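Only a predicted model underlies this, so the values are computations on that prediction, with no experimental measurement involved.
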Amino acid sequence: MKITNIQIVESDENNVFSADIDEFHLWYKFPKKILPELRADAFVAACLVPSMKLGSDIIIDDDIPISSELLENMEKLQIIFSSWSKYFGHKLNIIKIKGGKKTNVTTGWDKTISFFSGGVDGTYTYLKHAKEIDYLLFAKGIDMQLSSDDLYNQALANNRDYLAKEGKEIIPFETNVRFL
C-alpha cells in the first residue's frame, strides 16, 4: 500500500488530516482546536493489518516524517498479529514499511491522549491510567458507522457526562478508516 498526498486542510469548523492510500482517500476530521502534525504515523497504523493481509509492503513518500519508535513497535506488532492469523481466519504476512523520514516526535506538546468509546478496552485503559491521561478521543466511524448520528450523539453525551465527573475532557472526531 502506498501512502501519498498527506495533508491538513483547515477550515473555520475543523481540521481534516488526510492521505491517499493507493486509490482510497483516508481522512480524520478533528475539532478546530486539534491541529495534527503532518506525519505518516496515523496512516501507517491504519494500513498495517490490511497490508499484512494483502502481503503488501507499506510505502511512504520519502519526505514525510514517520516516528522511529512507531516503526520499531510495528515490527513487534507484526510478529504478534501474524501469530494470531488462525483466529483472524486468514494469513497475516510480515511486511516492510519503506520510505518516510524517520524522526523522533518533538511537538513540544506534553499531553497524553487515549481513545475512549466507553467500551471495555477504553474504560480499562482509562481506569488503569487515569492520572496520566489528559484527553480522551471518541471516534465516529470506527465503532459506530458515520451514518449512525443518533447513536453516536447519545454515546458521546454519556461518555462526556461520565468523564466530566472525572475531570477529563473527551474530544470527538470522525474518520472513514473503517472502510479501508
Side-chain angles (χ1 to χ4, degrees), residues 1-52 54 56-75 77 95-117 121-122 125-126 129 132-149 152-153 155-156 159-160 163 168-180:
M1 298 183 117
K2 187 163 175 66
I3 301 171
T4 60
N5 196 28
I6 297 176
Q7 61 182 322
I8 299 169
V9 176
E10 297 180 54
S11 74
D12 291 339
E13 297 173 12
N14 54 53
N15 296 311
V16 178
F17 186 37
S18 66
D20 294 323
I21 314 295
D22 292 337
E23 302 298 317
F24 183 79
H25 186 71
L26 175 59
W27 54 264
Y28 302 91
K29 186 188 301 181
F30 294 97
K32 186 67 181 164
K33 67 180 178 179
I34 304 293
L35 182 61
E37 187 176 347
L38 195 67
R39 307 179 59 79
D41 301 26
F43 304 104
V44 169
C47 289
L48 183 63
V49 172
S51 293
M52 290 178 70
L54 295 171
S56 172
D57 292 341
I58 296 173
I59 302 165
I60 311 160
D61 288 341
D62 287 333
D63 60 333
I64 300 296
I66 179 82
S67 164
S68 300
E69 185 176 9
L70 175 68
L71 290 174
E72 289 172 23
N73 288 324
M74 288 289 193
E75 290 176 15
L77 274 175
I95 56 130
K96 291 186 170 108
I97 301 171
K98 302 175 181 176
K101 183 172 35 175
K102 295 169 185 67
T103 63
N104 294 322
V105 178
T106 57
T107 62
W109 200 58
D110 63 349
K111 302 297 180 193
T112 300
I113 298 176
S114 181
F115 284 98
F116 187 83
S117 66
D121 296 341
T125 300
Y126 171 70
H129 300 283
E132 304 161 44
I133 296 172
D134 299 296
Y135 300 99
L136 295 113
L137 288 176
F138 183 61
K140 181 178 186 183
I142 296 178
D143 289 340
M144 285 175 246
Q145 293 290 353
L146 288 167
S147 60
S148 299
D149 291 332
Y152 177 79
N153 289 332
L156 176 59
N159 289 338
R160 186 173 274 146
L163 291 169
K168 300 291 182 179
E169 181 180 356
I170 192 163
I171 300 171
F173 78 102
E174 297 179 21
T175 180
N176 68 340
V177 71
R178 185 176 184 149
F179 297 105
L180 180 62

On the 0 to 90° scale, with breaks at 30° and 60°, tag the Phe30-Phe173 ring pair as parallel, tilted or perpendicular. parallel
Hey, what do you get for CG (Asn153) to OG (Ser148), rounding to the nearest 0.5 Å? 10.5 Å
Counting distance only, does the side-chain N/O of Asn15 pair as donor-acceptor with the main-chain N or O of Lys32 below 3.5 Å? yes
Roughly how far apart are Leu163 CG and Ile133 CD1, rounded to 0.5 Å? 9.5 Å
Given side chains that start at C-beta, do those of Cys47 and Leu180 come closer than 4.5 Å, heavy atoms only? yes
Test side-chain hydrogen bond (donor to acceptor under 3.5 Å, both in side chains) applied to Lys98 - qualifying residues, sequence neighbours left out: Asp57
Under the 3.5 angstrom rule, does the side chain of Lys168 hit a backbone N or O of Leu136 as a donor-acceptor pair? no
Would a distance-only check, ignoring hydrogens and angles, find a side-chain to backbone donor-acceptor pair under 3.5 Å from Asp41 to Ser67? yes
From CA spacing to verdict: ring-ring contact (aromatic ring centres under 6.0 Å, His included), Tyr28, Phe43: CA-CA 10 Å; Tyr28 302 91; Phe43 304 104; 5.6 Å; yes
Rounded to the nearest 0.5 Å, what separates atom CG in Asn5 from atom CG in Asp20? 4.5 Å
I want to check something: taking the side chain as every heavy atom from C-beta on, are Ser114 and Glu132 in contact at a cut-off of under 4.5 Å? no
Ile95 versus Ser51, closest heavy-atom pair with distance: CG2-O, 3.7 Å
Under the ring-ring contact (aromatic ring centres under 6.0 Å, His included) rule, collect the residues that match up with Tyr126, sequence neighbours excluded. none
Please give me the minimum heavy-atom distance between Ala139 and Ile142, naming the atom from each residue. CB-CD1, 3.7 Å
Would you say that Thr103 contacts Arg39 through its side chain, given a criterion of any heavy-atom pair below 4.5 Å between the two side chains? yes
Would you say that more than 12 heavy atoms from the other residues, nucleotides or ligands in this model lie under 6.0 Å from the CZ of Phe115, or not? no
Among Ile59, Val44, Ile97, which residue satisfies the side chain to side chain contact (heavy atoms under 4.5 Å, CB included) criterion with Ile3? Val44
Checking Lys101 now: which residues fulfil salt bridge (charged side-chain N to carboxylate O under 4.0 Å, His left out) with it, not counting sequence neighbours? none
According to the salt bridge (charged side-chain N to carboxylate O under 4.0 Å, His left out) rule, which pairs have a member within residues 59-75, sequence neighbours left out? Lys2-Asp61
Output every pair passing side-chain hydrogen bond (donor to acceptor under 3.5 Å, both in side chains) with a member in residues 170-180, not counting sequence neighbours, ordered by first then second residue. none
With salt bridge (charged side-chain N to carboxylate O under 4.0 Å, His left out) as the rule and sequence neighbours excluded, what pairs involving residues 21-31 come up? none
Does any part of the side chain of Ile6, heavy atoms only, come nearer than 4.5 Å to the side chain of Phe17, both counted from C-beta? yes
Worked check of side-chain contact (heavy atoms from CB on, under 4.5 Å) between Ile58 and Met74: CA-CA 11 Å; Ile58 296 173; Met74 288 289 193; over 6 Å; no
Between CD1 on residue Ile64 and CD on residue Gln7, distance to nearest 0.5 Å: 10.5 Å
Would you compute the distance between atom CD of Glu169 and atom NZ of Lys33 and round it to the nearest 0.5 angstrom? 3.0 Å
Hey, could you give me the CG/CD1 distance between Leu71 and Ile66, rounded to the nearest 0.5 Å? 5.0 Å
Using side-chain heavy atoms (C-beta onward) and a distance below 4.5 Å, is Ile171 in contact with Pro31? yes
Heavy-atom pair of closest approach, residues Phe116 and Gly122: CD1-O, 3.6 Å
